[in-house]
Amino acid sequence: MKHFTNRYMLLYSLALVAVLAVVLSVTAVALKPREERNRQIEQQQMILKTIGLECAKSETAQAYDRHITEAQCDGQTYYRYDCDGRQGIILPLHGTGLWGPIWGYLALDCSDNVVGAVFDHKGETPGLGGEIATDKFAQRFVGKCMDEHPIYLIKNADKKNPYQVDAISGGTMTSNGVTQMLEEGYFDYVKIKENTAK
Amino acid sequence: MKNWKLITMPFDKENPITVQVLGICSCLAVTAQLKPALVMAVSVTVVVALANLIISLLRKSIPPRIRIIVQLVVVSTLVVLVDLFLKAFVYDVSKQLSVFVGLIITNCIVMGRLEAFAMTNPPLPSLCDGIGNGLGYGIILVALGTVRELFGSGTLLGYPVMEKIGAYSIGYENNGLMIMPPMALILVGLIIWAQRSRNKNMQGK
């Protein structure tokens, strides 16, 4: 068998890793703009979904421009929608689940009722915490209220209680993350309302 | 001719999933629908083929003591590249495949082919062997994806086949079990059964 010295092995690994690193960085930088655009379209699709509009990729930007305007409050971005005579605020939410970031959008009408919600996550367990990304879960928020109290997730929620939403069984940590995120969202929402009232 | 055989052998007698029983995990996970199954099949084929080619080209210069690490670095690079391309060109599918693209790195088929073939064979046969094994894996994935999506969701690549042929109006219902991972395992079992009863020399004594 051919003999390889330690020096050779070391230099070999260094050279290999350096070459591959260059290949990876060049590709990553070259493809970045495309990926960013995909992300942006996905975000717009999520926002439109909260007000019940599901758009194909090609129509998203147009629908978004027509119905959604971005607004600022205390350096935070939020959105206003205007669609078929319905108007209100779309509140962005950011939080942490069990394994990584979770986020979502809540669409509210002018009397603080939730008209639509959508959630997504980076890496929650599929089938458990990952369920927050399903329509079934998002649907539970419709009709809930954010007037005087944040919405929170709880086991066996009382359907008539406007602040309670049924949590995910087997996804307690993720559910807690969602509750936390909704609480922070509620304070943002109060601030936005105060700002617009002025 | 010999190279052609290297490509076609893994379709049947040397199939990585049904004969070597490798790569089962991802095969259960990504075949609930046809589209992710197809993308996964192409991704794995590209990774195995290129990894085989690169390792085969380097094989004489790789010190045996660090060969596994060298293989892993090459495979990881290829997988990250595939991941970047998926995110840039088929974003929704890349979200569906999520962690499974990254897990191609640990797919036993890839490392298995590198160790068993590419380390000791010239580049062209290695490339063929990689393509063959990737496609052999792909065939099973596509077969599973077709059956599971058609009977589980009533669609094929998102096209509502069952609705168009009017199956629902005569009382047909989708089988929810089809889209659960265990059903993929059962289907793989059925394929293995069919394949072994056809090939007498594959049967255990």
Side-chain angles (χ1 to χ4, degrees), chain A residues 1-46 49 54-58 60 99-100 103 119-127 129-130 133-134 136, chain B residues 25-26 28-30 32-33 36 46-47 50-51 54-55 57-103 105 119-120 158 176 179-182:
Chain A
M1 195 194 255
K2 212 156 114 193
H3 182 72
F4 293 96
T5 59
N6 286 346
R7 196 182 133 87
Y8 175 86
M9 279 191 256
L10 210 61
L11 290 176
Y12 188 87
S13 346
L14 282 175
L16 184 72
V17 170
V19 169
L20 294 179
V22 169
V23 171
L24 276 184
S25 344
V26 169
T27 322
V29 171
L31 293 177
K32 192 100 196 156
R34 281 196 88 100
E35 194 192 331
E36 293 279 307
R37 209 172 64 225
N38 285 333
R39 275 191 205 288
Q40 194 191 359
I41 289 173
E42 190 198 20
Q43 189 194 11
Q44 294 182 346
Q45 277 175 329
M46 275 181 85
K49 209 172 159 188
E54 298 218 26
C55 300
K57 221 169 156 181
S58 50
T60 305
W99 304 116
W103 60 93
F119 295 94
D120 207 353
H121 60 95
K122 174 93 186 169
E124 299 307 295
T125 319
T134 58
K136 203 175 118 206
Chain B
C25 171
S26 56
L28 306 191
V30 301
Q33 287 169 334
V46 169
V47 171
L50 291 181
I54 294 171
I55 292 296
L57 285 169
L58 296 175
R59 73 187 187 285
K60 286 186 182 132
S61 71
I62 300 175
R65 271 203 274 167
I66 57 165
R67 69 181 194 285
I68 301 282
I69 305 234
V70 171
Q71 291 167 9
L72 260 181
V73 173
V74 170
V75 173
S76 319
T77 308
L78 290 170
V79 169
V80 176
L81 285 178
V82 165
D83 197 25
L84 286 171
F85 274 95
L86 292 183
K87 280 199 182 114
F89 295 100
V90 277
Y91 189 74
D92 51 330
V93 180
S94 96
K95 279 207 75 171
Q96 269 178 355
L97 291 173
S98 66
V99 297
F100 292 100
V101 176
L103 286 178
I105 297 172
M119 283 301 282
T120 48
I179 52 175
M180 308 292 271

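By convention in this document, chain letters (A, B, ...) are assigned in the order of the sequence lines, proteins followed by strands, and residues within each chain are numbered from 1.
For A:Leu31, the CG atom sits in a packed shell: over 12 heavy atoms of surrounding residues, nucleotides or ligands are nearer than 6.0 Å. Within a 6.0 Å radius of CE in A:Met46, more than 12 heavy atoms belonging to other residues, nucleotides or ligands are found. The environment of NZ in A:Lys57 is crowded: more than 12 heavy-atom neighbours from other residues, nucleotides or ligands sit within 6.0 Å.
Here CG of B:Leu84 is found 7.0 Å from CD of A:Glu35. Values are rounded to the nearest 0.5 Å. Going from atom CG of B:Asp92 over to atom CD of A:Gln45 covers 8.5 Å, rounded to the nearest 0.5 Å.
Residue A:Glu36 does not touch chain B at all, counting heavy-atom pairs closer than 4.5 Å.
Residues A:Val23 and B:Leu81 come closest through the heavy atom pair CG1-CD1, 4.2 Å. The two residues A:Tyr8 and B:Ser61 make their nearest non-hydrogen contact at OH-O, 2.7 Å. For the residue pair A:Thr27 and B:Phe85, the shortest heavy atom distance occurs at CG2-CE1, 3.9 Å. Taking both residues in full, the closest heavy atoms of B:Ala88 and A:Arg34 are given as O-NE, 3.4 Å, listed atom of the first, atom of the second, then distance. Across B:Arg65 and A:Asn6, no two heavy atoms sit closer than the pair NH2-OD1, 3.9 Å.
No hydrogens or angles considered: a donor-acceptor pair under 3.5 Å links the side chains of B:Tyr91 and A:Arg39.
Partner of A:Leu16 under the side-chain contact (heavy atoms from CB on, under 4.5 Å) criterion, out of B:Val70, B:Thr77, B:Ile66: B:Val70 alone.
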Before you tell me yes or no, could you show the steps for B:Ile62 and A:Phe4 under side chain to side chain contact (heavy atoms under 4.5 Å, CB included), namely the whole-Å CA-CA distance, both residues' side-chain angles and the distance that decides it to 0.1 Å? CA-CA 9 Å; B:Ile62 300 175; A:Phe4 293 96; over 6 Å; no
Could you go step by step and tell me if A:Asp120 and B:Lys95 meet the side chain to side chain contact (heavy atoms under 4.5 Å, CB included) rule? CA-CA 11 Å; A:Asp120 207 353; B:Lys95 279 207 75 171; 2.6 Å; yes
